[in-house]
Amino acid sequence: MEINEVWAANLDYEVGRIASMLDMYPFVALDTEFPGFLSNTPRYGSQEQRYHDLKINVESLKMIQLGLTLFDSEGRIGGSWQINFSDFDASRDLHVEASVRLLRKNGIDLEKHTVQGVESCVFAKQFLSILSNHRNLKWISFHGLYDLAYLLKVMTGLQLLPPTLAQFACLLWELFGSVCDLKYMARFCEGLMMGELGLERLAKILHVHRSGQAHQAVQTVS
């Protein structure tokens, strides 16, 4: 599966391609890359604590990549895109050094992002136009609360997320509509370890092949 790299120079063209395919491929899998976690929630932290920490992290940090894969109800893939943003600058922006080292090790060229990447505000304007014309999309994530929060921040331009989890959930619904999280679903599926597994382990159990580099925003299966 070819992954389409999106930079400032080809943003208009690739966004147009995405828009042209959504009627045929209305399921959208998403993933993001961002520069770590400033505040880590204890394993058995409450929902309120998790949202508190999410607010700290997402409000303080910037998204580096957004991965989108379109597919239909039969699992046929229409295409995958990796949008490379220019907003993050490791020389001045908050980040976790170990996380940035891992991203670099796995092929993310942060200097290229700064020079050739997409401004998130430019992407948001174009992508919001797409969403307004496609209100019946189904969004698919894996342990994707942070992915959705970062995308929400970019799409709305909010510097501060809503004060409560309930308000955050309402805003997600208004913007994205139907969202399905595979890690949450795995809790209720026999043989999937009650959801206590990562994406790579899930792929192995289900006998699907992963495409794409680890710790980059697009990873597809077939």
How close do [X] and [Y] get, counting heavy atoms only, and between which atoms?
X      : Y      : result
Leu161 : Lys55  : O-NZ, 3.0 Å
Val118 : Asp87  : O-OD1, 3.6 Å
Phe168 : Ala149 : CZ-CB, 3.8 Å
Lys183 : Asp181 : N-OD1, 3.1 Å

[X] (side chain) donor-acceptor with [Y] (main chain) under 3.5 angstrom:
X      : Y     : answer
Asn84  : Trp7  : no
His52  : Glu48 : no
Lys153 : Val58 : yes
Asp147 : Asp31 : no

Note, [X] side chain near [Y] side chain (heavy atom, < 4.5 Å):
X      : Y      : value
Tyr150 : Leu61  : yes
Leu175 : Leu148 : no
Val6   : Tyr13  : no
Leu30  : Ile140 : no

Angle class for the Phe37/Phe34 ring planes (parallel below 30°, perpendicular above 60°, tilted otherwise)?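 Rings of Phe37 and Phe34: perpendicular, as their planes differ by over 60°.
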Would you call the rings of Phe127 and Trp139 parallel, tilted or perpendicular if under 30° counts as parallel and over 60° as perpendicular?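 If you compare the ring of Phe127 with that of Trp139, the planes turn out perpendicular.
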Would you check, one step at a time, whether the test side chain to side chain contact (heavy atoms under 4.5 Å, CB included) holds for Arg104 with Ile108? CA-CA 5 Å; Arg104 291 185 188 277; Ile108 293 183; over 6 Å; no
Aromatic ring proximity, centroids under 6.0 angstrom, Phe27 and Phe71: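 Aromatic pair counts; centres sit under 6.0 Å.
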If you round to the nearest 0.5 Å, how far is CH2 of Trp81 from CD1 of Ile18?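 Interatomic distance, Ile18 CD1 to Trp81 CH2, rounded to 0.5 Å: 5.0 Å.
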Does either side chain, that of Glu111 or that of His113, offer a donor lying less than 3.5 Å from an acceptor on the other one?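 No.
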